[in-house]
Novice: 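Here it is, the structure, as structure tokens.
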Amino acid sequence: FLHIRYNWNLSKGEEVIMKKQLTLQERAQKFSLKNAVGYALQDGTNTLGALLVSYVTFYATDSLYLSAVSIGMVLAFSRVFDGITDLLAGALIDRTRTRWGKARPFVLVGFLYWVSVVAIFSTPERFSDIGKLIWIFVTYNLCNAVFNTLIGVSKGVLLKRTTVSDSARIKTLTMTSLLVSLAAIVIAVVLPLLIAKNNTPGGWRMLAIGFAVIGCISTAITFFCCVEFTEDELVELGLEKAGQGKETKLSFRDYGRAIIKNKYMVIYVAQYAVAMLAMGLFNGAGTYYYSTNLGDLTLMSAVSMVSFLSYPLYPIYPKIIAKIGPINFTRATFLIGAIGFAARAMVGNNLVLLCVSSFFAGFLLTGINLVGQEITIQCMDYSYLKNGIRAEGIYMALTGFTYKAAMGVSSAIMGFLLGIANYDGAQSVQPTSAHIMINLMFNIIPAVVGVLMFFTFKSIRVGEENQKLRAALQAEEE
């Protein structure tokens, strides 16, 4: 009887464990709307803050009456500092371990971010011009180079540790991208109207406070919605091996070696840099193209409305990605975008053809914007599975640093190319060389990059490689 009862209790205990494991497995594979909303809110309100902060030059010149040259120099020095802090933020996040997890504590930095936004637009009027510039330099760098960088670098790690299923992450990223895009358009329309009515030091301060209230509420919601899986749960799910991760002891030299050994991350960062350079060129050349080549800047607003037509496609993207994979999806969007850019180079100012070609051109970066973080997360897993090194924050920092560097280099390249093409903004009629160069930057280079990415992006086989490594790890444990 005792023997029978002992076996019955053992079976019951095993049944409880099995149910617990099943529940954990179900939670790991299921798409969490709560997580997705929390993640999207963080991204959306950061976009709100970034758009407001982008008006700091206008605020400084037209409200504080500082010279455009002086504020331009302050912001230029700030951008150099901003690029460096990405790597430091990545290292800090990798060394973080709390009862809330690795990335979740950095959600709370959102409160400090919004305090710094209010501080920027609360520059004391009694200060001298030098004092005002120092105030803006300090608060702007705290806002962008410190707080926003910590949030930006940690959000990819947060996604990885709150949503461990590839398909669920794709759904979360798609939902976030759609909501952020729509919010950015609405804000871009409403914000100038609010600024027009509040273009005084006091008005700017109240506007910043209003935005900060929304941002702080969103930060609190994100913190409570996005809960990381614990280290034990990740081990139980087979995503980590107990005691194998060495991320908390890595030096910057170790980080460098880990990245160099990760061939897929090296390939991805190189291709991401090229794609972002192309983006910087066509974004910067847009105004020149419509005003100089087409002779009508108002066409730019009309053509921009075409982007709305792509939004109904977002709900079906996760299904397409699940079927063909994130790499092939990204390759397809590169190719479609390249065709659109090539066509736009030849249609002139025909509004219908301009809108149609621009619609397809808009797909160029759709893939990499949607699944870029997922690819980076897969590269993190490859590093861990291959070398036993869990470096997460530094990988997100590397992509952030690459983006900022590419934007800076693209601006320099655009200025250089306009210069050698003899573009002169003081002249009402530009030489043929300037027209050709503007078309090259706005259409031809992005088209060439799209075709190049279509053929080279297939070399990122990190997903397939991870499956093989996981299978080998499981076989080893058995």
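Heavy-atom basis, side chains included; hydrogens, waters and symmetry copies ignored.
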Novice: Report the residues that fulfil ring-ring contact (aromatic ring centres under 6.0 Å, His included) with Y59, sequence neighbours left out, ordered by chain and then residue number.
Specialist: F121, W204

Novice: Report all side-chain donor-acceptor pairs from residues 359-369 shorter than 3.5 Å, counting only partners two or more places apart or in another chain.
Specialist:
unit_1, atom_1, unit_2, atom_2, d
T366, OG1, G362, O, 3.2
N369, ND2, L365, O, 3.1

Novice: When you measure from the side chain of N262 to the backbone of M380, do you find a donor-acceptor pair of N or O atoms at a distance under 3.5 Å?
Specialist: no

Novice: Using atom types as modelled, flag every donor-acceptor pair under 3.5 Å from a side chain in residues 318-330 to any protein atom, sequence neighbours excluded.
Specialist:
unit_1, atom_1, unit_2, atom_2, d
N328, OD1, R331, NH1, 3.4
N328, ND2, I324, O, 3.1
T330, OG1, P326, O, 2.7

Novice: Using ring-ring contact (aromatic ring centres under 6.0 Å, His included) as the criterion, list what pairs up with F229, not counting sequence neighbours.
Specialist: none

Novice: Is there a side-chain contact between V74 and Y140 in this structure, where contact means two heavy atoms from C-beta onward sitting under 4.5 Å apart?
Specialist: no

Novice: Are any side-chain N or O atoms of S383 and backbone N or O atoms of I259, one a donor and one an acceptor, separated by less than 3.5 Å?
Specialist: no

Novice: Could you tell me the separation between the CG atom of L33 and the SG atom of C225, rounded to the nearest 0.5 Å?
Specialist: 9.0 Å

Novice: Find out whether N144 and T149 are in side-chain contact, i.e. whether some heavy atom of one side chain is under 4.5 Å from a heavy atom of the other.
Specialist: no

Novice: CZ of F455: more than 12 outside heavy atoms within 6.0 angstrom?
Specialist: no

Novice: Got a sec, which residues hit side-chain hydrogen bond (donor to acceptor under 3.5 Å, both in side chains) with T45, two or more places apart in sequence or on another chain?
Specialist: S218

Novice: Examine F147 together with Y113 and report whether their ring centres are nearer than 6.0 Å.
Specialist: no

Novice: Just wondering, do Q271 and V274 contact through their side chains at under 4.5 Å, heavy atoms?
Specialist: no

Novice: Output yes when a side-chain donor or acceptor of S177 lies under 3.5 Å from a complementary backbone atom of L173, and no otherwise.
Specialist: no

Novice: Please answer whether the main-chain N or O of A145 pairs with a side-chain N or O of T85 as donor and acceptor at a distance below 3.5 Å.
Specialist: yes

Novice: With sequence neighbours excluded, what pairs up with Y423 under the ring-ring contact (aromatic ring centres under 6.0 Å, His included) test?
Specialist: Y288

Novice: Who are the ring-ring contact (aromatic ring centres under 6.0 Å, His included) partners of Y264, not counting sequence neighbours?
Specialist: Y382

Novice: With no hydrogens and no angle check, is any side-chain donor or acceptor of R104 less than 3.5 Å from a backbone partner on L158?
Specialist: no

Novice: Only one of L150, V153, I151, V157 forms a side-chain contact (heavy atoms from CB on, under 4.5 Å) with F106, so which one is it?
Specialist: L150

Novice: For Q373, enumerate each residue passing the side-chain hydrogen bond (donor to acceptor under 3.5 Å, both in side chains) test, keeping only those at least two apart in sequence or located in another chain.
Specialist: Y39

Novice: Measure the spacing between CG of L48 and CG of L191 and express it to the nearest 0.5 Å.
Specialist: 8.0 Å

Novice: Do Y311 and S181 come within less than 4.5 Å of each other through their side chains, counting heavy atoms only?
Specialist: yes

Novice: Do you know the tightest heavy-atom contact between W135 and A119?
Specialist: NE1-O, 2.8 Å

Novice: Is any NZ, NE, NH1 or NH2 atom of the basic residue among K160 and E392 found under 4.0 Å from an Asp or Glu carboxylate oxygen of the other?
Specialist: yes

Novice: Taking all non-hydrogen atoms of both residues, which atom of L277 and which atom of I413 are closest, and how far apart?
Specialist: CD2-CD1, 4.4 Å

Novice: Kindly indicate whether the side chain of V118, heavy atoms from C-beta on, has any atom under 4.5 Å from the side chain of F211.
Specialist: no

Novice: Drop me the distance from T57's OG1 to I71's CD1, to the nearest 0.5 angstrom.
Specialist: 6.0 Å

Novice: Applying side-chain hydrogen bond (donor to acceptor under 3.5 Å, both in side chains), can you list everything that pairs with S307, at least two apart in sequence or on another chain?
Specialist: none

Novice: Run the salt bridge (Lys or Arg N to Asp or Glu O under 4.0 Å) test against R257 and tell me which residues pass, sequence neighbours left out.
Specialist: none

Novice: For the aromatic rings, using the six-membered ring if either is Trp, is the centroid distance between W100 and F223 under 6.0 Å?
Specialist: yes

Novice: Supply the atom-to-atom distance K102 NZ to E231 CD, rounded to the nearest 0.5 angstrom.
Specialist: 7.0 Å

Novice: Between D94 (side chain) and G393 (backbone), is there a donor-acceptor pair under 3.5 Å?
Specialist: yes

Novice: Between the side chain of N141 and the main-chain N/O of F137, is any donor-acceptor distance below 3.5 Å?
Specialist: yes

Novice: Could you tell me whether the side chain of S54 and the main chain of L51 form a donor-acceptor pair under 3.5 Å?
Specialist: yes

Novice: Listed by chain and number, what are the salt bridge (Lys or Arg N to Asp or Glu O under 4.0 Å) partners of R169, not counting sequence neighbours?
Specialist: D166, E374

Novice: Applying side chain to side chain donor-acceptor pair (under 3.5 Å), run through Y403 and D86 and close with a yes or a no.
Specialist: CA-CA 11 Å; Y403 170 79; D86 278 81; over 6 Å; no

Novice: Angle between ring planes, F341 versus F282, binned at 30° and 60°: parallel, tilted or perpendicular?
Specialist: tilted

Novice: If you draw a 6.0 Å radius around CZ in F457, do more than 12 non-hydrogen atoms from other residues or ligands fall strictly inside?
Specialist: yes

Novice: Looking only at heavy atoms, what is the nearest atom pair of A273 and T402, with distance?
Specialist: CB-CG2, 3.6 Å

Novice: Rounded to the nearest 0.5 Å, what separates atom OG in S70 from atom CG in L133?
Specialist: 4.5 Å

Novice: If I take atom OG1 from residue T333 and atom OH from residue Y317, how far apart are they, to the nearest 0.5 angstrom?
Specialist: 8.5 Å

Novice: Would a 4.5 Å heavy-atom cut-off, applied to side chains only, mark T163 and S32 as touching?
Specialist: no

Novice: Tell me, please, which residues at least two apart from D43 pass salt bridge (Lys or Arg N to Asp or Glu O under 4.0 Å).
Specialist: K155

Novice: Would a distance-only check, ignoring hydrogens and angles, find a side-chain to backbone donor-acceptor pair under 3.5 Å from Q467 to E464?
Specialist: no

Novice: Whether the side chain of N387 engages the backbone of K261 through a donor-acceptor N/O pair (distance < 3.5 Å, no angle test) should be reported.
Specialist: no

